[in-house]
Amino acid sequence: MQNYVLTELDSGERVISERVDAVRSVALGFWIGAGSRDERVDRAGVSHFIEHLLFKGSASYSAQQIAEIFDGLGGELNAATSREHTVVYARVPDSHLEEALDVVADMVFSPTFNELDAEREVVLEEIAMYEDTPQELVHDLFSEAVFGGHPLGRPVIGTAGVISTIGRRSISGYHRTMYRPGNIVVAAAGNLEHERLLGLLDQAQRREEAPARGAHVRRPLVKAPPPGLRFQRKETEQYNVCIGAPGISRSDRRRFAASLLDSILGGSASSRLFQEIREKRGMAYAVYTFASQYTDTGLVGVYLGTREDNLAACLEIAAEQIADVAAGNVKPDELARAKENLKGRIMLSMESTSNRMSRLGKSLISDTELLSFERIIAEIEAVEADALSELAALLLPPERVSAAAVGPSEERFHEAVARINPALLARAA
């Protein structure tokens, strides 16, 4: 049974909630359809910068008041930016929903963009910290290797060049364009009534008179560029490496097979890559697979951090395991274990009101079908081994693989990559 209630306001803003009687909290999120792929190249990072600036004061609350109010409520307040959306979210005791909603709505719709230069320095420090964290930096290099000059290939956090120069007028213009009601979803889960939520929203947003325009329509990625190769030299002890390729969109029915493939290859402690590379051979401390799904495409890959002596062998093992799955060698017990793992993680996550809220908000802001738990479980159970093999063969053949790394020697990295996709080096030459 579907337990949520959905309302579309006259402004175009969508409000969705799910009542959970057994808790005394409410998780609330404002989901905005604005992410790094929606930015012009000379505005790269503005979505993330605005996320920071929302906390620096609004029409009715100063930055200090925002912090003091949520501390006084015993609540949580945070935000996040991705390639396709921004979310400002809070979790508070149910008795404090009204105060929390009023503050968050004012932050989202009426930021003053105060302390612009001070927060600019904070974001520049965050970029510098990111640059000093190779296990994070390599993922942005990998996105660039896969998507090239497309906005999906740019870092969400932005670049120092843009953040250090972008002005208030550009920031306000982007906010005005993207933070309109028709491009926003308000999601809530916990001990609340939907009609009361609508009433509180009406009070909190009564002063807003934004035009009733629809959601932002982004230009689709028609075709991904050829596989790419990226390397950044740093005097690190390890090579931090990602290999992979474009994946599938979030509305693709094969996403359940993709989740199971991720679990079998590197998404758990019993997965193939974790066992073969870390447990059996001790060649890496961190090794895992990852997958991102966007409106029109996705990203699938393998991450590992290892010393130079093990680099080529680790990449070969990863390629061998992918090829083995693609050849149809998925054992019944590992598929059954992956299914139980995925179902269990979904069930456990639903004990959190924050996760329930995120599920609602992310589905609506990305125009993805909101499936019942029973339907999700049924879809997972219906996946057969052949579907995983076909997906691995389609998404991750050697000639489709891109690679990125952060480490001390580009030559050693190229030597290792040549063993899994020689064409990458020829294309990069």
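Below, each value reflects all heavy atoms present in this structure, side chains not excepted, and no hydrogens, waters or symmetry copies.
In the displayed structure, Glu279 atom CD is contacted under 6.0 Å by more than 12 heavy atoms of other residues, nucleotides or ligands. Other residues, nucleotides and ligands contribute over 12 non-hydrogen atoms within 6.0 Å of the OH atom of Tyr130. Crowding of Arg24 atom CZ: a count of heavy atoms from other residues, nucleotides or ligands under 6.0 Å not exceeding 12.
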Name the atoms and distances for all side-chain donor-acceptor pairs under 3.5 Å in residues 144-151, with sequence neighbours left out.
from: Glu144; atom 1: OE2; to: Arg230; atom 2: NE; distance (Å): 3.0
from: His150; atom 1: ND1; to: Leu152; atom 2: N; distance (Å): 3.0

Would you give me the side-chain donor-acceptor pairs under 3.5 Å for residues 381-397, sequence neighbours excluded?
from: Glu381; atom 1: OE2; to: Lys343; atom 2: NZ; distance (Å): 2.3
from: Ser389; atom 1: OG; to: Val325; atom 2: O; distance (Å): 2.8
from: Ser389; atom 1: OG; to: Ala385; atom 2: O; distance (Å): 3.4

Please report, to 0.1 Å, the donor-acceptor pairs under 3.5 Å made by any side chain of residues 67-78, with sequence neighbours excluded.
from: Glu68; atom 1: OE2; to: Gln64; atom 2: NE2; distance (Å): 2.8

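For the pair Ile171/Ile50, a side-chain contact is recorded, criterion being any heavy-atom separation below 4.5 Å from C-beta on. Val92 is not listed as a side-chain neighbour of Glu99, based on a closest heavy-atom distance of 4.5 Å or more. Counting only heavy atoms from C-beta outward, the side chains of Val5 and Val15 never approach each other to under 4.5 Å. The shortest distance between side-chain heavy atoms of Leu315 and Leu304 falls below 4.5 Å. Side-chain contact between Leu54 and Val88 is present, with at least one heavy-atom pair separated by less than 4.5 Å.
Thr133 meets the side-chain hydrogen bond (donor to acceptor under 3.5 Å, both in side chains) test with no other residue; sequence neighbours excluded. Legend: residues meeting side-chain hydrogen bond (donor to acceptor under 3.5 Å, both in side chains) with Arg91, ordered by chain and number and at least two apart, are Thr353. Under the side-chain hydrogen bond (donor to acceptor under 3.5 Å, both in side chains) criterion, Glu84 pairs with Arg37, Arg250, Thr295, sequence neighbours left out. For Tyr239, the ring pair (Phe, Tyr, Trp, His ring centres under 6.0 Å) test picks out no residue, with sequence neighbours left out. Here His175 pairs with Phe113, Tyr179 under the ring pair (Phe, Tyr, Trp, His ring centres under 6.0 Å) rule; sequence neighbours left out. By the ring pair (Phe, Tyr, Trp, His ring centres under 6.0 Å) test, Tyr174 is found to be paired with no residue, residues two or more places apart in sequence or in another chain being considered. Residues passing the ring pair (Phe, Tyr, Trp, His ring centres under 6.0 Å) test with Phe55: none are found, sequence neighbours excluded. With sequence neighbours excluded, the residues forming a side chain to side chain contact (heavy atoms under 4.5 Å, CB included) with Met350 are Asn355, Arg356, Arg359, Phe373, listed by chain and number. Residues passing the side-chain hydrogen bond (donor to acceptor under 3.5 Å, both in side chains) test with Arg337 are Ser270, sequence neighbours excluded.
Of the charged side-chain nitrogens involved, none lies within less than 4.0 Å of a carboxylate oxygen, so that Asp252 and Arg255 do not count as a salt-bridged pair. Under the 4.0 Å criterion applied to side-chain N and carboxylate O atoms, Arg83 and Asp140 are assigned as salt-bridge partners. Remark: Glu276 does not engage Arg272 in a salt bridge, criterion side-chain N to carboxylate O under 4.0 Å.
The shortest heavy-atom contact between Ile365 and Arg14 is CA-NH2, 4.4 Å. Here the shortest heavy-atom pairing between Met357 and Ala27 reads CG-O, 3.6 Å. Across all their heavy atoms, Val138 and Ala404 have their closest contact at CG2-O, 3.6 Å. Closest of all the heavy-atom pairs between Ser36 and Ser47 is N-OG, 4.2 Å. Ser17 and Leu192 make their closest contact through CB-CD1, 4.4 Å (heavy atoms, listed as atom of the first residue, atom of the second, distance). Nearest heavy atoms, Thr236 versus Val406: OG1-O, 4.2 Å.
Considering CE of Met107 and CG of Asp102, their distance stands at 12.0 Å, rounded to 0.5 Å. Rounded to the nearest 0.5 angstrom, Ile166 CD1 and Asp42 CG are separated by 8.0 Å. We find the OH-CH2 distance between Tyr89 and Trp31 to be 9.0 Å, quoted to the nearest 0.5 Å. The line from CG of Asp367 to OG of Ser251 is 9.5 Å long, rounded to the nearest 0.5 Å. Distance CG/Leu360 to NZ/Lys362: 12.0 Å, rounded to 0.5 Å. In this structure, CD in Glu340 is found 12.0 Å from CZ in Arg345, a value given to the nearest 0.5 Å.
With hydrogens and angles left out, the side-chain atoms of Glu18 and His194 include no donor and acceptor closer than 3.5 Å. With 3.5 Å as the limit, one finds no donor-acceptor pair spanning the side chains of Glu51 and Thr86. Looking only at atom types and distance, the side chain of His85 has no donor-acceptor partner in the side chain of Ser366 under 3.5 Å away. Side-chain contact check for Glu369 and Ser363: no donor-acceptor pair (N or O, by modelled atom type) lies under 3.5 Å. Under the 3.5 Å distance criterion, with hydrogens and angles disregarded, a donor-acceptor pair is assigned to the side chains of Asn191 and Arg19. Glu13 and Gln205 share a donor-acceptor pair across their side chains, judged by distance under 3.5 Å alone. Between the side chains of Ser249 and Asp296, not a single donor N or O lies within less than 3.5 Å of an accepting N or O.
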Q.
Assess the residue pair Leu261 and Ile264 against the criterion (side chain to side chain contact (heavy atoms under 4.5 Å, CB included)); give the C-alpha distance rounded to whole Å, side-chain angles, the decisive distance to 0.1 Å, and a yes or no.
A. CA-CA 5 Å; Leu261 177 63; Ile264 286 172; 5.6 Å; no

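Checked by atom type and distance alone, the side chain of Ser263 never pairs as donor or acceptor with a backbone atom of Leu260 at under 3.5 Å. Formation of a donor-acceptor pair under 3.5 Å by the Thr297 side chain with backbone atoms of Gln293 is not found in this model.
Of the candidates Arg218, Arg219, Arg43, Asp38 forms a side-chain hydrogen bond (donor to acceptor under 3.5 Å, both in side chains) with just one, namely Arg218.
Aromatic ring pairs are classed by plane angle as parallel below 30°, tilted from 30° to 60° and perpendicular above 60°; the pair Tyr288 and His139 is parallel.
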